[in-house]
Number of protein chains: 4
Amino acid sequence: MEIRNDVTAKVVRFDAFDRDVVQAARVSTQGSNSDGKGQSSEGLINFLMRDRHGSPFEHTSFTFLVEAPIFVAREHMRHRAGWSYNEESGRYKELEGVFYLPPGSRELQQVGKPGAYIFETGTVEQWNAVDVGFPAAYREAFNQYQEMLIQGVAREVARMVLPVGIFTSYYATCNARSLMHFLSLRTKKENAKVPSFPQREIETVADQMEMAFRAAMPLTHAAFEKHGRVAP
Amino acid sequence: MEIRNDVTAKVVRFDAFDRDVVQAARVSTQGSNSDGKGQSSEGLINFLMRDRHGSPFEHTSFTFLVEAPIFVAREHMRHRAGWSYNEESGRYKELEGVFYLPPGSRELQQVGKPGAYIFETGTVEQWNAVDVGFPAAYREAFNQYQEMLIQGVAREVARMVLPVGIFTSYYATCNARSLMHFLSLRTKKENAKVPSFPQREIETVADQMEMAFRAAMPLTHAAFEKHGRVAP
Amino acid sequence: MEIRNDVTAKVVRFDAFDRDVVQAARVSTQGSNSDGKGQSSEGLINFLMRDRHGSPFEHTSFTFLVEAPIFVAREHMRHRAGWSYNEESGRYKELEGVFYLPPGSRELQQVGKPGAYIFETGTVEQWNAVDVGFPAAYREAFNQYQEMLIQGVAREVARMVLPVGIFTSYYATCNARSLMHFLSLRTKKENAKVPSFPQREIETVADQMEMAFRAAMPLTHAAFEKHGRVAP
Amino acid sequence: MEIRNDVTAKVVRFDAFDRDVVQAARVSTQGSNSDGKGQSSEGLINFLMRDRHGSPFEHTSFTFLVEAPIFVAREHMRHRAGWSYNEESGRYKELEGVFYLPPGSRELQQVGKPGAYIFETGTVEQWNAVDVGFPAAYREAFNQYQEMLIQGVAREVARMVLPVGIFTSYYATCNARSLMHFLSLRTKKENAKVPSFPQREIETVADQMEMAFRAAMPLTHAAFEKHGRVAP
């Protein structure tokens with residue numbers, strides 16, 4: 001049984017460049033024989049972002065390998081359009097006992113009302129409850145899981161007792177448009193036109209994906225930032 | 001803390017009839033001024049199903065309310081195309097302590113290899129392990145969850161220790177085509193052309209949805225059966 | 001051969017009410033045993049629209065029958081997510097000779113640059129060119145089409161000469177969320193936060209759909225208006 | 001004014017290999033720490049195809065540039081799931097006068113009934129009707145289009161008289177799963193389990209895409225062929 005405090009999203013491969021957006025967008029005004037002249041790439045990408053012409057951003061592809069607790073995977077897989085997933089299966093393999101414990105930097109107190117929560121630092125008592133409660137619940141669940149497996153109970157049955165804090169892993173493939181949509185909902189930023197209140201753990205996934213996105217497509221990312229982090 | 005052995009999927013509303021399929025299909029050969037003559041509804045629906053013309057089946061709508069453990073919701077929400085979901089949130093509400101325990105009829109032993117598992121009746125020892133292990137793990141998790149809430153730990157943090165066997169509820173809306181796709185993958189039937197190996201619990205959801213589907217669209221359902229339960 | 005100046009989108013059926021949105025949204029905070037108390041429907045719908053929580057709007061369904069020229073159908077069918085279509089086929093039926101001629105109110109001159117065109121009233125010379133050019137091109141195309149059919153040329157070949165101004169008809173089914181996305185892009189309104197420059201003919205389709213939407217879901221439509229006609 | 005007899009689909013870029021499928025599929029049984037052991041790639045891909053586990057095929061990307069008549073683009077863009085498009089616009093650019101004429105090898109006679117058409121070689125009279133009718137209709141349409149443009153009529157209005165046989169160009173991006181779905185419907189093959197009756201011109205697009213697919217992913221393509229050309 002292992003405890004982890006971090007969540008990771010690594011780029012497995014990508015084929016996504018600013019020029020792909022420009023190329024796809026220019027077909028509308030120049031057809032297939034584009035000579036590449038006209039508006040600068042930066043100007044064109046800014047225009048597309050501002051006026052929300054989203055389809056030129058779709059001719060790109062990113063594949064990530066995510067290692068995160070099940071409750072993060074649950075939130076992630078609600079994103080349907082332009083996303084593909086394959087995940088580790090509790091039916092087909094015995095799950096390893098790797099469990100998530102909030103790191104010390106994690107704020108524990110939720111203040112406010114649904115849709116507008118603010119989080120604050122946990123008290124000593126709260127951290128005590130977490131430091132005691134998490135290992136106790138995880139250990140009992142994992143012990144019972146293993147005991148049932150020893151008795152020959154099917155994995156798909158035994159896993160029912162495992163917590164949503166257990167780690168899973170999955171491949172997630174998206175394009176720049178679906179990625180921006182994900183980022184707009186799963187990060188919390190001052191400059192966002194529409195406020196979002198993501199759970200901190202999926203925001204960590206989003207932050208790592210955003211770094212890869214910015215590195216691969218700097219003009220597109222800059223335009224996303226400039227226009228209030230609204231997916232086109 | 002409550003134990004449940006059943007999983008439910010209730011029709012909330014639907015607007016889905018065989019004639020909707022016929023109407024949509026006939027526009028291709030008769031335009032908008034159809035006089036309704038031509039092939040019988042049954043013949044037309046059979047032809048569409050056999051040759052996999054799927055789009056005429058999409059002009060229909062079913063909304064279900066599902067009460068099921070999280071591991072069922074997880075499998076369900078992998079279905080993206082033509083499905084919409086809204087689910088109870090462990091971030092926005094305190095979760096009730098309702099947990100799933102396999103009913104006595106549930107087969108417990110998994111035999112065979114991935115992709116072709118067969119299930120067999122559990123032994124006395126296996127049932128003992130389940131009858132002891134499930135309540136023990138559930139109780140520990142729920143106690144720790146409640147204790148953390150009492151200390152003021154945020155719901156979204158405290159819920160991490162809760163098991164995937166806890167009940168959740170969600171609205172799921174689909175059309176007849178996306179429903180048939182779901183049924184083809186989440187039921188196990190002799191007459192299916194492509195074998196499927198659904199977990200029993202989501203099959204229970206599928207069975208209930210199929211009853212509603214058959215009642216609403218008898219000709220479509222009969223054609224689905226006749227042509228090997230392959231979604232068009 | 002017939003000339004039409006109008007484009008129509010008629011509601012065939014719908015199952016879409018404000019209460020469906022409220023019901024789906026409340027499951028997240030109240031679970032399946034909602035007592036309906038809490039925020040008013042209007043307040044909740046406004047909150048969902050403002051913060052762009054889109055999924056509760058998806059548990060609704062509208063089916064329209066559209067009669068419009070092919071160039072309108074082409075623009076319409078670029079909308080993929082949450083839309084289903086079935087259209088009259090030039091392969092399976094002989095197309096009727098109904099063609100679109102812009103009505104006298106149609107502005108003919110395009111001023112400005114791509115992405116920000118403005119339209120102005122046509123001159124006498126321009127209307128002359130249209131009044132002569134449209135019937136001449138339409139007649140020649142339709143005559144050649146009919147001549148080829150008489151000779152036994154396949155419909156799918158003969159139709160290649162027919163213009164994109166010929167009428168087609170199709171069923172289009174969507175939900176309130178996908179409909180709002182369509183409306184945000186295919187109408188031009190002062191109060192829209194993001195400017196759109198739809199071609200007038202598809203805007204006519206959108207206007208008719210919006211009337212049906214407003215009548216069925218007045219609170220949702222009001223919130224859409226209030227928050228700048230941005231689809232949630 | 002130019003006449004073309006061919007339709008082209010060129011690979012612009014791709015990031016799609018058999019190993020991507022294997023990698024995504026193995027996460028379900030091996031998690032993220034896969035040692036790569038187990039079933040051979042070929043065996044695994046065959047199993048996924050046979051039992052229609054489609055999602056592992058989605059972590060791949062192909063971008064094509066298609067040059068084809070509008071009636072082909074219309075059929076292509078009916079494919080929604082897993083496809084992205086950007087097309088030359090008759091609103092934003094003046095269309096070039098490139099028109100499609102069926103090549104001599106094109107069968108002209110349609111025999112049979114909807115859903116099961118067979119095509120046969122055209123007669124001399126039929127070819128005469130085509131050789132006369134196509135240029136006549138195309139020329140009249142293009143002349144009127146140009147005349148209206150000279151008068152300052154907006155491109156989006158003038159283009160209404162242009163035929164669906166005029167060439168357009170578009171970028172189309174898909175993954176291996178959505179591509180196989182397209183191929184299953186848009187090619188006509190002896191070994192297909194489900195019969196399809198694509199129009200010859202879109203089949204030409206499909207044939208070129210299939211060559212690129214087979215070259216990039218030989219094991220996947222072989223499994224697609226082996227299991228009756230049914231998309232998983």
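Predicted model, so just to flag it, every value in this text is computed and none were measured. We name chains A, B, ... by the order of the sequence lines, and we start the count at 1 in each one.
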Sort [X] into side chain, backbone, both or neither according to what part of it lies under 4.5 angstrom from a heavy atom of chain A.
X	answer
B/Tyr100	side chain
B/Tyr138	side chain
B/Gln146	neither
B/Pro69	neither
B/Phe119	side chain
B/Leu108	both

Practice prompt. Inspect the surroundings of CE in B/Met211 and state if more than 12 heavy atoms from other residues, nucleotides or ligands are less than 6.0 Å away.
Written response: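 For B/Met211, atom CE is not crowded (no more than 12 foreign heavy atoms under 6.0 Å).
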As an exercise: rank [options] by heavy-atom pairs under 4.5 Å with chain B and give me the winner.
options	value
A/Ala158, A/Pro198, A/Ala81	A/Pro198
A/Ala136, A/Ala73, A/Ser89, A/Gly165	A/Ala136
A/Glu201, A/Arg159, A/Lys93, A/Glu107	A/Arg159
A/Glu156, A/Arg106, A/Glu140, A/Arg139	A/Glu156

Worksheet item: So how far is it from A/Phe197 CZ to B/Tyr92 OH, rounded to the nearest 0.5 Å?
Response: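 Spacing of CZ (A/Phe197) from OH (B/Tyr92) equals 8.0 Å.
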Worksheet entry | Approximate separation, where rounding is to 0.5 Å, of A/Gln126 CD and B/Leu149 CG |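 Rounded to the nearest 0.5 Å, the CD-CG separation comes out at 10.5 Å.
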Between [X] (side chain) and [Y] (backbone), is there a donor-acceptor pair under 3.5 Å?
X	Y	answer
B/Glu125	A/Gln151	no
A/Arg80	B/Trp83	yes
A/Glu147	B/Gly133	no

If you define the side chain from C-beta out and look only at heavy atoms, does anything of [X] sit under 4.5 Å from [Y]?
X	Y	answer
A/Phe99	B/Met160	no
A/Ile70	B/Arg74	yes
B/Pro102	A/Val157	yes

Worksheet item: Are the charged groups of A/Arg78 and B/Glu87 less than 4.0 angstrom apart, N to O?
Response: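 Here A/Arg78 does not pair with B/Glu87 in a salt bridge, since their nearest N and O are not under 4.0 Å apart.
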Worksheet item: Where is the tightest heavy-atom contact between A/Ala137 and B/Ala141, given as atom of each residue plus distance?
Response: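 Of all heavy-atom pairs spanning A/Ala137 and B/Ala141, the closest is CB-CA, 3.9 Å.
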Practice prompt. Kindly give the heavy-atom pair with the smallest separation between B/Ala154 and A/Gln110, and that separation in Å.
Written response: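 So the minimum-distance heavy-atom pair works out to CB-CB, 3.6 Å.
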Item to complete: May I ask you to name which of B/Gln144, B/Gln199, B/Arg200, B/Gln109 has the most heavy-atom pairs under 4.5 Å with chain A?
Response: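 Between B/Gln144, B/Gln199, B/Arg200, B/Gln109, the count favours B/Gln199.
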Worksheet entry | Heavy-atom proximity to chain B below 4.5 Å, by part of A/Glu75 |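 Side chain only.
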